[in-house]
2 protein chains.
Amino acid sequence: MGLIESWVASANDPQTDFPLNNLPYGVFDAGQGARMGVAIGDQILDLAQVDHGLDPALVAAPSWNAVMAAGAQVWAKLRARLTQLLSDPTHREAVAPHLSHMADAQLLMPFTVAEFTDFYASKHHATNVGTMFRGAENALPPNWTSLPIGYNGRASSVVVSGTDVRRPWGQLKAPDAEAPIFAPCKRFDIELELGAIVGIPSSGPVTVAEADAMIFGYVLLNDWSARDIQAWEYQPLGPFQAKATATSISPWIVTAAALEGFRTSTPERERDLLPYLTEPKPMLYDIDLSVTMAPKGAAPETIARTNYREMYYSAAQQLAHHTTSGCTMRTGDLLGSGTISGATKDSRGSLLELSWGGKEPFEVAGQTRSFIEDGDTLTLTGAAKGDGFRIGFGSCSGTVIAALEDPYKRGA
Amino acid sequence: MGLIESWVASANDPQTDFPLNNLPYGVFDAGQGARMGVAIGDQILDLAQVDHGLDPALVAAPSWNAVMAAGAQVWAKLRARLTQLLSDPTHREAVAPHLSHMADAQLLMPFTVAEFTDFYASKHHATNVGTMFRGAENALPPNWTSLPIGYNGRASSVVVSGTDVRRPWGQLKAPDAEAPIFAPCKRFDIELELGAIVGIPSSGPVTVAEADAMIFGYVLLNDWSARDIQAWEYQPLGPFQAKATATSISPWIVTAAALEGFRTSTPERERDLLPYLTEPKPMLYDIDLSVTMAPKGAAPETIARTNYREMYYSAAQQLAHHTTSGCTMRTGDLLGSGTISGATKDSRGSLLELSWGGKEPFEVAGQTRSFIEDGDTLTLTGAAKGDGFRIGFGSCSGTVIAALEDPYKRGA
């Protein structure tokens with residue numbers, strides 16, 4: 001399938017992230033308050049103002065949760081209707097007045113996050129980090145090839161792209177120190193991930209196929225991580241405050257429907273998966289991903305390029321595993337893929353890996369970096385690349401600002 | 001301070017959990033749908049029907065979240081008003097028609113859980129479990145005396161007392177097995193905890209004193225745990241599906257105000273806490289706790305007795321630590337204390353400890369137990385004991401029912 005042409009000219013540019021093939025969903029404010037929007041080229045369609053065919057209750061609040069909960073038939077009908085409205089020029093007169101320039105709009109959180117779970121499911125990432133934290137012999141935990149390791153994160157810390165991220169304080173302990181200190185994080189980092197968003201809720205265990213059908217769409221996700229806090233706190237119950245400062249997501253939900261043509265399988269496995277985790281069809285996607293870094297005042301430079309197909313477990317497998325114990329899943333649950341790293345040095349999805357724990361600093365815009373410095377802007381981008389079009393994610397960006405001087409000094 | 005007398009006769013019984021000194025908050029259904037209620041003796045007051053003095057918006061939904069978010073002045077005013085209504089006999093005529101027998105009512109979830117965090121903060125429990133999982137030399141992790149170790153749990157799994165708990169399936173691996181199997185949990189367990197409920201939200205780090213003031217109240221909490229699933233999955237990122245089947249809470253929120261007279265300090269410490277974790281005043285409470293177990297058809301027998309003062313960290317310290325990284329806390333956040341075990345064998349708050357990992361089975365009602373069998377009912381109770389009255393928590397109870405035969409077989 002090639003590009004689907006739209007009467008919105010910018011949507012036909014082969015370089016746009018948002019051709020008519022994509023139709024990602026977001027929430028925007030172009031001066032009239034928060035509204036549900038659909039990205040098309042360099043424009044945003046104000047959904048509630050056009051003949052969308054949805055039950056009005058689904059567009060009553062500026063959030064996609066109600067549509068997400070409405071199920072696959074509603075999703076398909078809306079996608080078909082939007083395709084019709086934006087391709088057929090006879091609708092132009094009615095629809096065009098409800099387009100806003102994306103450049104003039106503020107992009108807001110597209111949905112309310114119910115709960116946030118983060119995984120650890122890229123083999124190169126797990127091997128790299130395991131080697132640094134536990135040595136090469138213990139790099140991959142024995143359970144790693146049998147189950148998608150996950151932990152619960154903090155939904156209240158999820159923010160939309162563009163939100164500044166303040167460097168956190170925390171307990172830090174140097175390996176040779178007698179006791180920890182309470183100080184600003186010195187090893188602040190990113191994690192390049194894809195976030196899967198649960199649309200259809202469940203109670204009780206679901207199969208991988210059912211899990212795949214529950215997923216409404218995907219966003220880019222940066223799970224900001226304080227490596228020094230993590231190293232001291234994470235044993236034995238996992239990361240906690242190291243991951244609670246912020247998790248940034250891109251503002252446009254790229255639907256599973258838009259990605260359908262880009263499915264690809266998880267890799268060959270060392271050992272057979274238990275039946276409940278086997279994939280009935282390809283459930284990863286071929287999505288190119290990259291990270292740029294821009295020191296304050298400098299132009300962004302690409303520091304990593306990888307692909308979502310590097311995952312060892314798909315979001316559907318992760319979601320199926322998540323329900324094994326009977327865990328109820330809800331509309332708006334967000335599942336981070338885990339950091340996505342490839343085999344090569346320039347395809348690593350965290351600074352921890354790129355600088356090998358700070359031992360191999362790298363150059364960005366003429367400056368040396370091991371971890372993030374105040375003022376640095378980190379940006380994730382991603383796109384599935386079709387024949388003459390791309391299903392793009394836009395960007396997921398955040399600037400790190402200085403830690404509070406004294407976190408307990410209250411303003412006057 | 002002694003008993004505050006009420007014109008509700010059953011509230012003056014020295015054995016009631018709910019004298020006028022207590023006034024815990026819940027949600028009940030006595031045949032007219034879900035309503036906000038206040039426990040008094042063996043009765044429940046239908047809050048919205050009396051002259052409560054609150055903004056009507058705070059009692060519009062059958063949930064305490066709006067009152068919790070309204071802040072300390074509203075909390076104090078409501079408590080004073082309820083004390084007046086239920087002590088002064090001149091209000092009897094207006095109020096009495098709005099009392100229901102608790103025995104005739106169904107008790108529902110008293111609030112909407114925003115997010116659930118569980119801690120690991122009783123020294124005897126951590127030492128016992130650490131010894132079993134990692135050996136006596138590595139029992140207490142090096143960070144344990146410096147920070148309250150916590151991990152994020154799953155809010156969607158929190159249920160109210162009385163809800164049956166289905167034995168989960170999960171990945172299990174015997175120590176000598178080559179590979180894991182997918183099977184029903186064989187080592188299903190309880191965790192005796194107290195849950196602290198955040199009323200006032202925060203953004204950015206808060207002090208221990210501020211954290212203490214944010215807490216609206218407390219409930220009993222049983223964090224059901226699948227020990228065999230946990231043993232295989234928990235390295236390196238912590239428990240996940242082992243803790244996601246269910247977490248039961250007692251239906252009555254006992255307010256911090258009702259517990260004020262029972263404050264007690266955390267124990268002497270091996271090493272000084274960092275200043276951000278020091279307590280400006282006593283922040284634990286003297287609350288007797290017990291666990292009963294009843295095999296199907298048998299009468300309950302007490303299997304453990306302990307006290308909340310066994311904690312090494314208070315809820316206020318845990319909440320303050322939770323915010324260090326800038327983590328936003330919201331109304332309805334629930335913080336589990338962690339399993340509360342005392343020094344003696346009969347004061348251990350989990351079957352894992354009581355049966356020492358299954359090596360020392362114990363007797364209950366003429367039956368032998370190491371872990372929970374199908375049909376067993378486990379019940380937590382607790383009360384702070386005053387002079388002639390008790391601030392009781394009611395009970396937190398759940399019956400374990402058999403695992404699904406095939407978790408992926410759908411009903412016809």
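In the text below, chain A, chain B and the rest are named by the order of the sequence lines, each starting its count at 1.
Ranked by heavy-atom pairs under 4.5 Å with chain A, the first of B/W169, B/W144, B/F116 is B/W169. Ranked by heavy-atom pairs under 4.5 Å with chain A, the list B/A179, B/S203, B/C185, B/A244 is led by B/A244. Of the listed residues B/S157, B/P168, B/G170, B/P180, the one with more heavy-atom pairs under 4.5 angstrom with chain A than any other is B/P180. Taking chain A as the reference chain and counting heavy-atom pairs below 4.5 Å, the highest number among B/K243, B/E233, B/H322, B/R271 is found for B/H322. Of the listed residues B/P239, B/P407, B/P205, the one with more heavy-atom pairs under 4.5 angstrom with chain A than any other is B/P205. No other option in A/T145, A/T207, A/L404, A/D118 has as many heavy-atom pairs under 4.5 Å with chain B as A/T207. With chain B as partner, the option from A/A403, A/G204, A/A246, A/P142 having the largest number of non-hydrogen pairs under 4.5 angstrom is A/P142.
Of all heavy-atom pairs spanning B/T331 and B/A114, the tightest one is O-CB, 3.6 Å. A pairwise comparison of heavy atoms in B/P236 and A/Y120 identifies CG-CE2, 4.1 Å as the closest pair. Between A/V206 and A/E210 the shortest heavy-atom distance is CA-OE1, 3.3 Å. Residues A/G332 and A/N65 come closest through the heavy atom pair CA-ND2, 4.1 Å. The minimum heavy-atom distance between A/S350 and A/I190, with the atom names listed, is CB-O, 3.4 Å. The two residues A/S325 and B/T245 have their closest heavy-atom pair at O-OG1, 2.9 Å.
Atom OG of B/S156 sits about 11.0 Å away from atom CD of B/E115, to the nearest 0.5 Å. Rounding to the nearest 0.5 angstrom, the gap separating the NE2 atom in B/H124 from the OH atom in B/Y312 is 11.0 Å.
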Starting from the C-alpha separation in whole Å, work towards a yes-or-no answer on side chain to side chain contact (heavy atoms under 4.5 Å, CB included) for B/I249 and B/L334. CA-CA 10 Å; B/I249 63 168; B/L334 174 64; 4.1 Å; yes

The test is side chain to side chain contact (heavy atoms under 4.5 Å, CB included); show your working for A/Y151 and B/Y151 and say whether it passes. CA-CA 8 Å; A/Y151 66 98; B/Y151 65 99; over 6 Å; no

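Residue contact with chain B, scored on non-hydrogen atoms closer than 4.5 Å, involves the backbone and the side chain of A/A155 alike. Proximity to chain B (any heavy atom under 4.5 Å) is restricted, for A/Q171, to the side chain, taken from C-beta onward. There is no contact between A/I229 and chain B, counting heavy-atom distances below 4.5 Å. Contacts of A/D333 with chain B are made by side-chain atoms alone, with heavy-atom separations under 4.5 Å and no backbone atom involved. Of the two parts of A/A242, neither the backbone nor the side chain holds a non-hydrogen atom closer than 4.5 Å to a non-hydrogen atom of chain B. Of the atoms belonging to A/L147, heavy atoms from both backbone and side chain fall under 4.5 Å from chain B. For A/R166, no part sits under 4.5 Å from any heavy atom of chain B, backbone or side chain. Only the side chain of A/F119 comes within contact range of chain B, with at least one heavy atom under 4.5 Å from a heavy atom of that chain. Only the side chain of A/T117 comes within less than 4.5 Å of a heavy atom of chain B; its backbone N, CA, C and O stay farther away. Interface remark: B/E178 contributes backbone atoms only to the contact with chain A (heavy atom separation under 4.5 Å).
A cation-pi geometry, defined here as NZ or CZ lying under 6.0 Å from the six-membered ring centre and within 45° of its normal, does not hold between B/R227 and B/Y234.
A heavy-atom distance below 4.5 Å is not found between the side chains of B/T247 and B/R154.
Within a 6.0 Å radius of CG in A/D272, no more than 12 heavy atoms belonging to other residues, nucleotides or ligands are found.
Inspection of non-hydrogen atoms places A/R134, A/P141 of residues 130-141 of chain A under 4.5 Å from chain B.
No hydrogens or angles considered: a donor-acceptor pair under 3.5 Å links the side chains of B/E353 and B/H125.
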